[in-house]
Amino acid sequence: IVKSVFFISNMPTQSTLTGATGTYFVLFQLLRRNWIAALAPEGVPNTDIIVTDIEGNRQCAIQVKTRSIGSDKGWHMSKKHEDIISPTLFYCFVDMQIEEGSLPITFIVPSSVVAAVLNESHKLWLDRPGSKGQAHNDNKMRRLLPDYLRKHDYSSDIVSRLGSGWMSKYQENWDILHM
């Protein structure tokens, strides 16, 4: 009985498996495009994959965020992602919520864009009342959404910039790593 309990408690969670699936999918996409890519050693902050071009002239780091469910089609982030900005850090947002037999969709977004979007969208969320008219309490959770118009009824500049399709220019844009 002790072995069974130990074994069950060490089973990977669905979110752990989803995250690993997204990371290996991004690694596959990089290698098939002739990038030299490898998993970062465990414990490296903000980096899941280390990448360089064939000549070794362009190095970058990638943090992978993967989702497989969710009505708002967004990715979980945290407050710390508002401050992580580097010209050589990119996020790969992998959308696994796809039709059977289709490949996941990946959005490759510079860290500076992610930081700005998270910061601005969170400020807007704090400024707007909740569903029952209450003030939102600040917290460390953030959501990167492909469409902030779906989630919020705003008429601000950020929403016009971040409504449906704002992430389109990053979809499967692996060439952004050549910058």
Side-chain angles (χ1 to χ4, degrees), residues 15 18-23 25-27 29-30 33 35 37 40 44-51 58-98 103-131 134-179:
S15 65
T18 299
T21 301
T23 299
F25 180 74
V26 170
L27 195 56
Q29 291 287 22
L30 291 163
R33 288 172 169 80
W35 286 92
V44 174
N46 311 317
T47 303
D48 297 315
I49 299 173
I50 300 169
V51 183
R58 172 70 174 137
Q59 296 84 32
C60 64
I62 292 178
Q63 188 171 129
V64 180
K65 298 292 183 184
T66 308
R67 64 177 240 32
S68 61
I69 58 171
S71 60
D72 68 5
K73 301 196 181 293
W75 290 267
H76 290 288
M77 306 289 288
S78 70
K79 181 176 178 16
K80 75 175 187 175
H81 294 105
E82 292 180 0
D83 299 319
I84 301 172
I85 300 171
S86 170
T88 58
L89 174 64
F90 296 84
Y91 290 88
C92 285
F93 295 99
V94 181
D95 184 356
M96 304 281 289
Q97 192 173 354
I98 51 171
L103 286 176
I105 298 166
T106 308
F107 300 88
I108 304 91
V109 187
S111 61
S112 59
V113 173
V114 172
V117 168
L118 291 176
N119 187 298
E120 291 180 78
S121 63
H122 187 69
K123 284 179 185 174
L124 282 172
W125 179 78
L126 285 173
D127 289 346
R128 300 292 187 230
S131 60
Q134 80 283 8
H136 287 123
N137 293 322
D138 199 1
N139 59 61
K140 293 181 181 180
M141 189 185 139
R142 305 290 188 266
R143 291 288 285 170
L144 186 88
L145 302 177
D147 184 357
Y148 285 92
L149 287 177
R150 288 186 61 213
K151 189 76 175 167
H152 307 290
D153 184 24
Y154 301 137
S155 59
S156 71
D157 179 47
I158 186 175
V159 173
S160 65
R161 288 186 291 113
L162 299 176
S164 179
W166 81 268
M167 290 182 75
S168 295
K169 67 182 174 183
Y170 302 110
Q171 184 173 333
E172 305 303 334
N173 186 3
W174 298 96
D175 289 338
I176 199 169
L177 300 175
H178 289 289
M179 297 176 76

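Values reported hereafter were calculated over all heavy atoms of this structure, with side chains retained and with hydrogens, waters and symmetry mates removed.
Looking only at side-chain heavy atoms (C-beta outward), R143 and H76 come within less than 4.5 Å of each other. Between T66 and F25 the shortest side-chain heavy-atom distance does not fall below 4.5 Å. You'll find the side chain of R58 stays beyond 4.5 Å of the side chain of L177, heavy atoms only. I62 is listed as a side-chain neighbour of L30, based on a closest heavy-atom distance under 4.5 Å. Side-chain contact between I50 and V44 is absent, with no heavy-atom pair separated by less than 4.5 Å.
Closest approach of F90 to P110, counting heavy atoms only: CD2-CA, 3.8 Å. Listed here is the closest heavy atom pair of L89 and N46: CD1-O, 3.6 Å. Between G22 and V94, the closest heavy-atom pair is O-CG2, 4.0 Å. Here the closest heavy-atom approach between residue T47 and residue Q63 is recorded as N-NE2, 4.2 Å. Closest approach of T21 and M96 over heavy atoms only: CG2-CE, 3.1 Å.
Ring pair F107/W75 is perpendicular by interplanar angle, where above 60° counts as perpendicular and below 30° as parallel. Between H178 and W35, the ring planes lie tilted relative to each other; the angle falls in the 30° to 60° range.
Side chain of T106 to main chain of C92: no donor-acceptor pair is present (N/O by atom type, distance under 3.5 Å, no hydrogens or angles). Checking side-chain atoms of N173 against main-chain N and O of K169 turns up a donor-acceptor pair under 3.5 Å. Looking only at distances, no side-chain donor or acceptor of R128 sits under 3.5 Å from a matching main-chain atom of L124.
In terms of the ring-ring contact (aromatic ring centres under 6.0 Å, His included) criterion, W166 has no residue partners (sequence neighbours excluded). Taking the side chain to side chain donor-acceptor pair (under 3.5 Å) definition, one finds that E82 meets it with R142, sequence neighbours left out.
Note that NE2 of H122 is 10.0 Å distant from CG of D127, once rounded to the nearest 0.5 Å. A distance of 8.0 Å separates CG in D83 from CG in N119, rounded to the nearest 0.5 Å. To the nearest 0.5 angstrom, F93 atom CZ is 10.5 Å from I108 atom CD1. In this structure, CD1 on I84 lies 7.0 Å from OG on S78, to the nearest 0.5 angstrom. One finds the CZ atom of R67 at 11.0 Å from the OG1 atom of T18 (value rounded to the nearest 0.5 Å). A distance of 12.0 Å separates NZ in K123 from CG in L118, rounded to the nearest 0.5 Å.
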Start with the C-alpha gap between L144 and M167, add the side-chain angles, then the distance that decides, and say whether side-chain contact (heavy atoms from CB on, under 4.5 Å) holds.
-> CA-CA 10 Å; L144 186 88; M167 290 182 75; 4.0 Å; yes
Going through the checks in order, is the side-chain contact (heavy atoms from CB on, under 4.5 Å) test met by K73 and L145?
-> CA-CA 7 Å; K73 301 196 181 293; L145 302 177; over 6 Å; no
